[in-house]
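Below: one structure, written as structure tokens.
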Amino acid sequence: MNKTALVTGASSGIGKAVSKTLFALGYNIVICGRREEKLEGLKKELGDESRVHTLLFDVRERAEVLRQIAELPGRFQKIDLLVNNAGNAHGLDPFQKGDLDDWDKMIDTNVKGLLYVSKAVVPGMAKRKGGMIINIGSIAGKEVYPMGNVYSASKFAVDAINQGMRLDLHSLGIRVGAINPGLVETEFSEVRFKGDEEKAGKVYQGYSPLQAEDIADLVKFMATRPAHVNIADVLILPTDQASSTVVNKKL
Ligand code: NDP
Ligand code: 8X3
């Protein structure tokens, strides 16, 4: 296969699992994130370093995102598959106690960062009249839960962007789809609770949460459909989860 995928947030969790899966499928991969040691570790783990390129940027840095993607070396320039995954929740507070810095981080990363990366990649796909974009949204982008306020807003925005992209890009042969996961055991809660490992660990106790590999499996399924099939929008939950607030915990 001579195809290239670019995955944001490849340094941990879902993005890392997706990168491994796409590499195993034969893609050349561009792995993006802020933590250099994690990306370099993944590159080594994958083995064939000639098929892996790392980009170190904060998706909130518009100029840096645009420049680094524009300057990708030849082999990695034509991106066939973009996985917009970088993102996090910051804080879990009632609206009246919300921290403005947390709100900025979520809107700037989950929404504006996704737009910057897409803006850097989509014109090439449009020119080549083909490609696939998978946007990682969330169940939080389908329903709001108490204290999820601004995180949910950022993921509702991802849902809207996913729909908007599909409407505008389908005539160019570009497939656009979203994966909206429920609870996945990653570093997500550690970030949300600002390094409080005990609090983060509790999120995944008493039931079987999704694993990052479950989402990677879905990416693989979407990426390997025949050209006439576009998986437009998927909600994927652990069996123990029925909604954002209904989780069958046996504690
Ligand atoms: P992780 O915290 O494990 O991974 C988040 C990834 O995003 C990291 O690789 C991180 O890389 C990257 N990232 C975060 N902020 C930035 C930034 N400003 N610039 C560049 N990269 C950034 O969490 P998940 O794997 O769980 O999260 C991946 C996506 O899945 C997110 O969009 C999240 O909202 C979504 N999601 C997660 C769910 C869950 O329950 N875990 C459920 C539903 C959706 P680095 O720190 O190196 O920059
Ligand atoms: C992550 C899942 O339920 O914490 O998007 O919002 S949740």
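Side chains included, hydrogens not; waters and symmetry mates left out as well; all remaining heavy atoms used. Values in this document were obtained by computation on a predicted structure and should not be read as measured data.
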Any chance you could lay out the salt bridge (charged side-chain N to carboxylate O under 4.0 Å, His left out) test for Asp48 and Lys43, step after step, and finish with the verdict? CA-CA 8 Å; Asp48 183 355; Lys43 190 174 181 179; over 6 Å; no

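The CD1 atom of Ile174 sits 9.0 Å away from atom NZ of Lys129, with the distance rounded to the nearest 0.5 Å. A distance of 9.0 Å separates CD of Gln96 from CG of Asn149, quoted to the nearest 0.5 Å. Summarising the geometry, atom OG1 belonging to Thr8 is positioned 11.0 Å from atom CG belonging to Leu55; distances are rounded to the nearest 0.5 Å.
Ion pairing of Glu71 with Arg67 is present here, as a side-chain N (NZ or NE/NH1/NH2) and a carboxylate O approach within less than 4.0 Å. A salt bridge links Lys142 to Asp159: at least one charged side-chain nitrogen sits closer than 4.0 Å to a carboxylate oxygen. One finds a salt bridge joining Asp108 and Lys112 here, because a Lys/Arg side-chain nitrogen approaches an Asp/Glu carboxylate oxygen to under 4.0 Å. Ion pairing between a basic and an acidic side chain is recognised when a charged N comes within 4.0 Å of a carboxylate O; Glu213 and Lys20 show no such pairing. Salt-bridge check for Asp99 with Lys105: failed, with every basic side-chain N at 4.0 Å or more from each acidic carboxylate O. By the 4.0 Å N-to-carboxylate-O rule, Glu45 lies too far from Lys38 to be salt-bridged with it.
Side chains of Ser118 and Asn84: a donor-acceptor N/O pair is present below 3.5 angstrom, by distance only.
You'll find the side chain of Glu143 stays beyond 4.5 Å of the side chain of Ser152, heavy atoms only.
Tracing side-chain contacts under 4.5 Å through hydrophobic residues (I, L, V, M, F, W, Y), one never reaches Met106 starting from Val184; they form parts of separate clusters.
Geometrically, Arg51 does not engage Tyr27 in a cation-pi contact, judged by NZ or CZ lying under 6.0 Å from the ring centre and within 45° of the ring axis.
Taking the centre of each ring, Trp103 and Tyr151 stay at or above the 6.0 Å mark.
A donor-acceptor pair under 3.5 Å is formed between the side chain of Gln68 and the backbone N or O of Leu56.
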